[in-house]
2 protein chains.
Amino acid sequence: MILKSQVEWALHCCAILAGLPDGRYLSTKALAELHGLPKEYLSKALQSLSQAGLVHTTLGPSGGYRLAKAPAELTFLDVVEAVEGKGRTFVCQNIRANNPCRPKDYCESGSCAIARIMWEADEAWRTALRKVTFADLGKTLEQEIDPGIWAGTFDWVLKRAG
Amino acid sequence: MILKSQVEWALHCCAILAGLPDGRYLSTKALAELHGLPKEYLSKALQSLSQAGLVHTTLGPSGGYRLAKAPAELTFLDVVEAVEGKGRTFVCQNIRANNPCRPKDYCESGSCAIARIMWEADEAWRTALRKVTFADLGKTLEQEIDPGIWAGTFDWVLKRAG
DNA sequence: GAATTAAGGATACATGATATCCCTATTTTG
DNA sequence: CAAAATAGGGATATCATGTATCCTTAATTC
Ligand code: SF4
Ligand code: SF4
């Protein structure tokens, strides 16, 4: 059970978009170059973000993506769920219904303890991701990243932003 | 990202084994019949439990599986990790190294904020699973399951336990 | 009108999950 | 001792999903 690499890509792209000045857009091409990723495939991840309403897009030259909300309103969970889906990681096949000791067509009284426990763990994971916004991430990155690279990347992005 | 169905199978099998009297063993065949699962494939899941040291096995007629520890010492996380592996669900491809603004062979100072946040969420998931033991589960199931089915299943299992 | 862009359909490929079959060594049963 | 039953594990087939590329269309900018 491993998250798709598109999750990582989407998180990085949102981190960049979160640093973009208001009203500017950054294209798939620029984001792909910046991260060394296949442009066409990265595009699918960005489309997922778009379908989830997390980013806003414009067409034509100087078009591309920007965040649809303020970085403080966008959580890691938003991005992860946009790419990976909102489904639970534990899916119940209801194998208890195969128990030969049960009367046929016995009606279950809701979800069982095993499924509930697994789903609670799922929810703990989601809660942890919901707590972190891209404003939080921006602050941390600014402290941790080499200032030269930070500034250089910022310039690089601005030059290519429409 | 969905857990393998073997996780569900292994959890159910451990739930049954946790109710087994001391010194008794239950075979793959019995566990497969009880849950309506393909015997040969369920066997792989049980082998994972065995390799992780969670169950003890004996060969020959009347052989099979029993828990290696007391139910109160066996956690959901033990079983999930035995089947699904102990690896993190977020794997970092280090795509920041592709940033064209970086000097070549720039040495990263440890793991970045994005990866740390994802790994912390992972850890929250594991913590939730580590909190629940099969003694806890047993108590819940005893309260929730129809007493007739509960007793009938217990008898069924005892008849087939070596 | 030409260039650039997001969106999305079609397709191929790789990987991992699911499932079955078969063989071996070990242990109980008779 | 012989037969039956068991866990363990290798080999293989099948299917779903993730990864990746290519191409077309519609919208936008210049
Ligand atoms: S016992 Fe729970 S987890 Fe197992 S099959 Fe039934 S509902 Fe699903
Ligand atoms: S920035 Fe973090 S998550 Fe992204 S590639 Fe680097 S280490 Fe991995």
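Here is how names work: the chains are called A, B, and so on, in the same order as the sequence lines, proteins then strands, and each is numbered from 1. Remember, predicted model here, so these are calculated numbers, not experimental data.
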Among pairs that include at least one residue of residues 131-152 of chain B, which meet salt bridge (charged side-chain N to carboxylate O under 4.0 Å, His left out), considering only residues two or more places apart or in two chains?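 Those involving residues 131-152 of chain B are A:Arg116-B:Glu144.
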
Is there any side chain to side chain donor-acceptor pair (under 3.5 Å) pair reaching into residues 12-29 of chain A, and which pairs are they, with sequence neighbours excluded?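 Applying side chain to side chain donor-acceptor pair (under 3.5 Å) to every pair that reaches into residues 12-29 of chain A, excluding sequence neighbours, yields A:Tyr25-A:His56, A:Tyr25-A:Arg66.
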
Which residue pairs pass the side chain to side chain donor-acceptor pair (under 3.5 Å) test with at least one member in residues 151-162 of chain B, sequence neighbours excluded? A:Asn99-B:Thr153

With B:Trp9 via ring pair (Phe, Tyr, Trp, His ring centres under 6.0 Å) - residues at least two apart: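 For B:Trp9 the ring pair (Phe, Tyr, Trp, His ring centres under 6.0 Å) partners, ignoring immediate neighbours, are B:Tyr41.
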
Checking B:Phe76 now: which residues fulfil ring pair (Phe, Tyr, Trp, His ring centres under 6.0 Å) with it, not counting sequence neighbours? B:Phe134

Tell me whether A:Glu123 is salt-bridged to A:Arg130, with the criterion being a basic N under 4.0 Å from an acidic carboxylate O.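 Yes.
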
Would you indicate, yes or no, if D:dA7 has its OP1 or OP2 atom less than 4.0 angstrom from a side-chain nitrogen or oxygen of B:Ser50? no

Pairs under 3.5 Å (N/O, protein and nucleotides 9-18 of chain D):
residue: D:dG9; atom: OP2; partner: B:Gln51; partner atom: NE2; Å: 3.0
residue: D:dG9; atom: N7; partner: B:Gln47; partner atom: NE2; Å: 3.3
residue: D:dG10; atom: O6; partner: B:Lys44; partner atom: NZ; Å: 2.7

Are the side chain of [X] and the backbone N or O of [Y] linked by a donor-acceptor pair below 3.5 Å?
X        : Y       : value
B:Ser43  : B:Lys39 : no
A:Arg126 : A:Glu81 : no
A:Gln6   : A:Val83 : no

side-chain contact (heavy atoms from CB on, under 4.5 Å) against A:Ala135, all qualifying residues, sequence neighbours excluded: A:Pro71, A:Ala72, A:Thr133

Just jot down the side-chain contact (heavy atoms from CB on, under 4.5 Å) partners of B:Ala68, sequence neighbours excluded, or say none. none

Quick one: does [X]'s side chain get under 4.5 Å of [Y]'s, heavy atoms only?
X        : Y        : value
B:Cys13  : B:Val55  : no
B:Leu3   : A:Met118 : yes
B:Cys112 : A:Thr140 : no

Under 4.0 Å, heavy atom to any atom of DNA chain D: which of residues 64-71 of chain B qualify?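 Here the set is B:Gly64, B:Tyr65.
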
For residues 8-37 of chain A, which residues have at least one heavy atom under 4.0 Å from DNA chain D? A:Trp9

Per-nt protein contacts along nucleotides 25-30 of chain C (heavy atom under 4.0 Å; B base, S backbone sugar-phosphate only, - none) come out as -BBB--

Atom-to-atom span, CD of B:Gln6 to C1' of C:dT18 - whole angstrom: 8 Å

In whole angstroms, the gap separating C1' of C:dG8 from NZ of A:Lys39 amounts to 14 Å

For the helix from C:dG1-D:dC30 to C:dG30-D:dC1, how many degrees between its two end axes (five pairs per end), to the nearest 10°?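 End-to-end axis angle for the helix from C:dG1-D:dC30 to C:dG30-D:dC1: 20°, rounded to 10°.
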
Please report the shortest heavy-atom distance between B:Arg88 and A:Ile2, naming the atom on each side. O-CG1, 4.3 Å

